[in-house]
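Report on the following structure.
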Amino acid sequence: MLQQSSGIYQFINENFLHAPSQDLAQSTIKFLSKLMMAQSQEIFTLKVISGDLNQLKNSLIAKLCKSTSVLYEDCYNMINRCLHQVS
């Protein structure tokens with residue numbers, strides 16, 4: 001569902017050029033799309049971790065954790081850029 005919501009945000013971003021309100025501004029939509037992907041990746045990663053009782057997939061888990069952290073870092077950077085533009 002989180003991946004689907006990310007896709008919906010991308011659709012809104014690509015098809016609605018003039019936002020009727022601030023909550024639908026292009027920067028907000030891009031952030032929400034990225035956040036939904038990060039949350040989706042986190043849930044998938046947690047499921048892989050909890051299902052790997054014999055620790056056979058440590059390399060995969062490390063890569064998934066890194067990918068998840070990069071997505072959240074992108075979200076953090078997007079927020080910081082917006083805050084610096086406002087102030």
Side-chain angles (χ1 to χ4, degrees):
M1 295 304 230
L2 291 168
Q3 285 179 334
Q4 288 177 345
S5 65
S6 176
I8 290 169
Y9 283 126
Q10 288 177 354
F11 176 82
I12 291 170
N13 184 41
E14 293 169 0
N15 293 294
F16 296 96
L17 301 176
H18 303 290
S21 63
Q22 185 63 26
D23 62 334
L24 291 175
Q26 191 174 32
S27 60
T28 304
I29 296 295
K30 285 181 180 181
F31 168 76
L32 291 172
S33 177
K34 179 75 75 171
L35 181 62
M36 294 299 108
M37 285 304 292
Q39 291 176 330
S40 173
Q41 180 80 21
E42 179 184 6
I43 290 171
F44 180 75
T45 301
L46 291 172
K47 284 186 179 186
V48 171
I49 290 171
S50 66
D52 188 25
L53 300 176
N54 297 326
Q55 295 185 345
L56 300 174
K57 301 176 184 174
N58 289 339
S59 176
L60 173 64
I61 290 171
K63 290 175 185 175
L64 288 171
C65 289
K66 176 64 177 171
S67 174
T68 303
S69 70
V70 167
L71 287 170
Y72 277 119
E73 184 178 5
D74 288 347
C75 291
Y76 176 78
N77 290 334
M78 290 173 84
I79 289 175
N80 276 338
R81 278 192 300 261
C82 287
L83 290 176
H84 290 302
Q85 290 174 356
V86 171
S87 56

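Keep in mind the model is a prediction, meaning the values are calculated, not measured.
- Every residue two or more places apart in sequence or in another chain was checked for a side chain to side chain donor-acceptor pair (under 3.5 Å) with Gln3, and none qualifies.
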For residues 34-46, tabulate all N or O donor-acceptor pairs below 3.5 Å that involve a side-chain atom, not counting sequence neighbours.
unit_1 : atom_1 : unit_2 : atom_2 : d
Glu42  : OE1    : Tyr72  : OH     : 2.5
Thr45  : OG1    : Gln41  : O      : 2.8
Thr45  : OG1    : Thr68  : OG1    : 3.3

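- When hydrophobic residues (I, L, V, M, F, W, Y) are linked wherever their side-chain heavy atoms come within less than 4.5 Å, Leu53 remains an isolated member.
- Annotation: the span from Tyr9 atom OH to Thr28 atom OG1 amounts to 10.0 Å, rounded to 0.5 Å.
- Every residue two or more places apart in sequence or in another chain that forms a side chain to side chain contact (heavy atoms under 4.5 Å, CB included) with Ile79 is listed here: Phe31, Leu83.
- Side-chain N or O atoms of Asp52 include one that pairs as donor or acceptor with a backbone N or O of Lys57 at under 3.5 Å.
- With sequence neighbours excluded, the residues forming a side chain to side chain donor-acceptor pair (under 3.5 Å) with Asn80 are Tyr76, listed by chain and number.
- Expressed to the nearest 0.5 Å, how far NZ of Lys30 lies from CD1 of Ile12 amounts to 14.0 Å.
- How far CG of Leu24 is from CG of Leu32: 9.0 Å, rounded to the nearest 0.5 Å.
- Residues forming a side chain to side chain donor-acceptor pair (under 3.5 Å) with Asn58 (at least two apart in sequence, or on another chain): none.
- Put simply, OG on Ser5 and CE on Met1 are 9.0 Å apart, with the number rounded to the nearest 0.5 Å.
- The structure places CG of Leu2 at 11.0 Å from OG of Ser33, a figure rounded to the nearest 0.5 Å.
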